[in-house]
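The structure appears right after this line, and notes come after that.
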Amino acid sequence: MPTVRDTTFEFLRRQGMTTIFGNPGSTELPMLQDFPSDFTYILGLQEAAVVGMADGYAQASGRPTLVNLHTAPGVGNAMGAIFNAQANKTPLVITAGNQVRGLMTLQANLSNRDAIRMPHPLVKWSYEPPRAQDVPHAIARATHLAALAPVGPTFVSIPMDDWDVEVDEAAAEHAISRTVGGRATADPAAIRELAAALQAADNAVLVCGPDVDASGGWDAAIELSERLSLPVWASPAPGGGRLGFPESHPHFVGVLPPAIGPAGETLNGHDLIVVLGSSVFPYYPNLPGPLLPEGSRLIAVTSDPDEASRAPMGDAIVADVALTLDALLAELSPEQRPPRAHPPRPVADPMELSDPLNASAVMDVLADVFPPDGIIVLEAPSATMAVRNRIRLSQPGSYYFGAGGGLGFGLSAAVGVQLAQPDRPVVCVVGEGSAQYAIQAFWSAVAYDVPVTFLVLRNAEYAILKWFASIENVEGAPGLDLPALDVAGVAAGYGVATQHATGPEDLREQLRQAIASPVASLVEVPVAPGMSIF
Ligand SMILES: Cc1ncc(C[n+]2csc(CCOP(=O)(O)OP(=O)(O)O)c2C)c(N)n1
């Protein structure tokens, strides 16, 4: 009879989940015994890096991804990254080992005594199967559930003596051979109403968010904007983990400000605001004001019932974003509306050169050498808008940003994104402070020949926190300076090929080389302190 291990790996094989991210301990070794040769195990040296890499991999491959963590302390280390994965809507199936069943009640060493409760608020389902033979079914259930909307991580704790237990072959075959599809279409009446509202509006606008890209609705969103001649905002940057619309498109008018008052003001003059694939809205910081301009109506399309119900204003349609866009296009007249003048997106003038360079000037240089099929993974808080304004990413799957705001996503996710997209160059733009939270991902990039380019912005401070201090009227806060933090030196210790740039010319050349290089490469550039807004 097949064992729990045979059956579980056969399930993972059938699902195409043959790349596993983990950091093992004694409680996980039984799972890894005789590791099948058609699987790949990506070792991360700390759990934040493990989950961050898996997050990038799952998002960029569009597939649920298995993570294997060490019992309680491993899950504990991973919590911030699991928080990010739920904010990013990433389909991770997170497993962790536990003591043998017979020693859990006396709480032998390494017992995770409340395994289910530990990651509970951050995952869609948290479970420890009551019997060993239920493990394959539990992992199948966790996988289907992770991939159903709202997509997000699930957790299964597996006692270490479960793996050699035999399972009933017929029941196991049922458990592992199921397909579960959940891309729901909208009520046709809701589609008709949305189409009618769009056709009747005098000055409608779209706000596109991350689930346009994740659902595969990229081309349909362009078609909708072009057919009705609608201007398009990106949903606010803090929650915009992916782009929902090409940023060089003539209808793209910019990134919506993230705070209530400024966002409401920006949308002034629009009688209809249609939000696609975003929460309404990922607000931060707290700058109060009217939620919506007087007399305007908002309709959001989201696959996430929670996002739909918690929005502070407007109506919502809960359905798959791409399918809803297709249905909406079929409902609308195929005639193109005459083009209307949209407020043009302000063109960022080249930033003046200074010594050290301003982060915006660094982005001008990156834009010069950035390949058309390149992907940016971004975690450089004070330079976020400089990246968005100066590198006009215009292909689907070109941008990944930690929507949860927990640092550590950027460096680690970049490695996972590059593993999932080996033919597209990945550039991770990261602040020297942010790089510290999952710094061990450097080692995995080298160990598994992942040719990511890391561009480290070294401003010797937590610039974004100094900016927040000014808007929160906080004076005299300690701990906001980072003198002598040598990320390149640390990366070199992990085996990364590193270079230091000082001026725009050597930066351009070093970036060109790093992007073309077949190995993990890092370019560190000193940048001027402060925020780079444009
Ligand atoms: C896990 C975690 N801890 C702390 C923070 C708070 N935090 C937000 S931005 C930031 C500073 C980032 O510094 P750096 O990467 O150097 O970027 P800069 O602000 O200088 O652009 C910190 C500490 C966070 N977001 N996540």
Side-chain angles (χ1 to χ4, degrees), residues 46-53 55 76-88 119 122 236-241 258 282-286 351 356-363 366 376-390 400-414 427-442 454-472 474 477-491 522-534:
Q46 207 268 9
E47 289 79 359
V50 171
V51 174
M53 290 192 294
D55 189 334
N77 282 348
M79 292 285 260
I82 300 174
F83 172 83
N84 283 337
Q86 61 86 36
N88 291 333
L122 306 180
Y283 293 122
Y284 198 80
N286 178 25
M351 182 52 64
L357 293 170
N358 179 289
S360 296
V362 171
M363 291 315 132
L366 178 59
I376 293 230
V377 183
L378 177 60
E379 193 172 274
S382 63
T384 302
M385 290 317 297
V387 171
R388 293 292 287 274
N389 286 324
R390 286 164 193 275
Y400 297 91
F401 178 89
L407 299 179
F409 171 81
L411 195 67
S412 50
V427 178
C428 173
V429 180
V430 67
E432 92 238 89
S434 301
Q436 307 308 316
Y437 294 77
I439 194 129
Q440 303 84 353
F442 280 140
F454 301 100
L455 172 58
V456 179
L457 307 184
R458 185 170 175 177
N459 58 7
E461 63 175 7
Y462 284 157
I464 190 89
L465 297 189
K466 290 187 178 177
W467 177 79
F468 273 117
S470 73
I471 60 168
E472 291 171 17
V474 172
L480 303 183
D481 290 302
L482 302 177
L485 181 50
D486 180 6
V487 180
V490 177
L522 177 146
V523 177
E524 184 185 73
V525 59
V527 297
M531 286 286 277
S532 294
I533 310 271
F534 298 108

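First listed ligand is number 1; within each ligand, the first listed atom is number 1.
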Starting from [atom], which protein heavy atom do you reach first, and at what distance in Å?
atom	answer
atom 17 (O) of ligand 1	P381 CD, 3.3 Å
atom 10 (C) of ligand 1	L407 CD1, 3.6 Å
atom 25 (N) of ligand 1	G405 O, 2.8 Å
atom 9 (S) of ligand 1	I464 CG2, 3.2 Å

Qualifying residue, where the test is side-chain contact (heavy atoms from CB on, under 4.5 Å) with Q436 and the options are L407, V430, V487: V487

Full working for side-chain hydrogen bond (donor to acceptor under 3.5 Å, both in side chains) between N88 and D55: CA-CA 8 Å; N88 291 333; D55 189 334; 2.9 Å; yes

N389 side chain to I533 backbone, donor-acceptor under 3.5 Å: yes

Short side-chain to backbone donor-acceptor contact, E379 and G431, under 3.5 Å: no

Do ligand 1 and [X] have nitrogen or oxygen atoms that lie under 3.5 Å from each other?
X	value
S382	yes
Y462	no
L465	no
G433	yes

Min heavy-atom dist G408 to ligand 1 below 4.0 Å: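 False for this residue.
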
Atom OH of Y283: over 12 foreign heavy atoms under 6.0 Å: yes

Over 12 foreign heavy atoms within 6.0 Å of CZ, F534: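 Counting neighbours around CZ of F534, 12 or fewer heavy atoms of other residues, nucleotides or ligands fall under 6.0 Å, so no.
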
Ligand-side contact atoms (ligand 1) for residue partner G406, heavy atom cut-off under 4.0 Å: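 Those qualifying, in numeric order: 26 (N).
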
ring-ring contact (aromatic ring centres under 6.0 Å, His included) assessment of Y462 paired with F468: CA-CA 10 Å; Y462 284 157; F468 273 117; over 10 Å; no

Option of least heavy-atom distance to atom 3 (N) of ligand 1 (set: Y437, F83, F468): Y437

Pairing residues for D481 by the salt bridge (Lys or Arg N to Asp or Glu O under 4.0 Å) criterion, not counting sequence neighbours: K466

For ligand 1, the portion of E461 having any non-hydrogen atom under 4.0 Å away: backbone

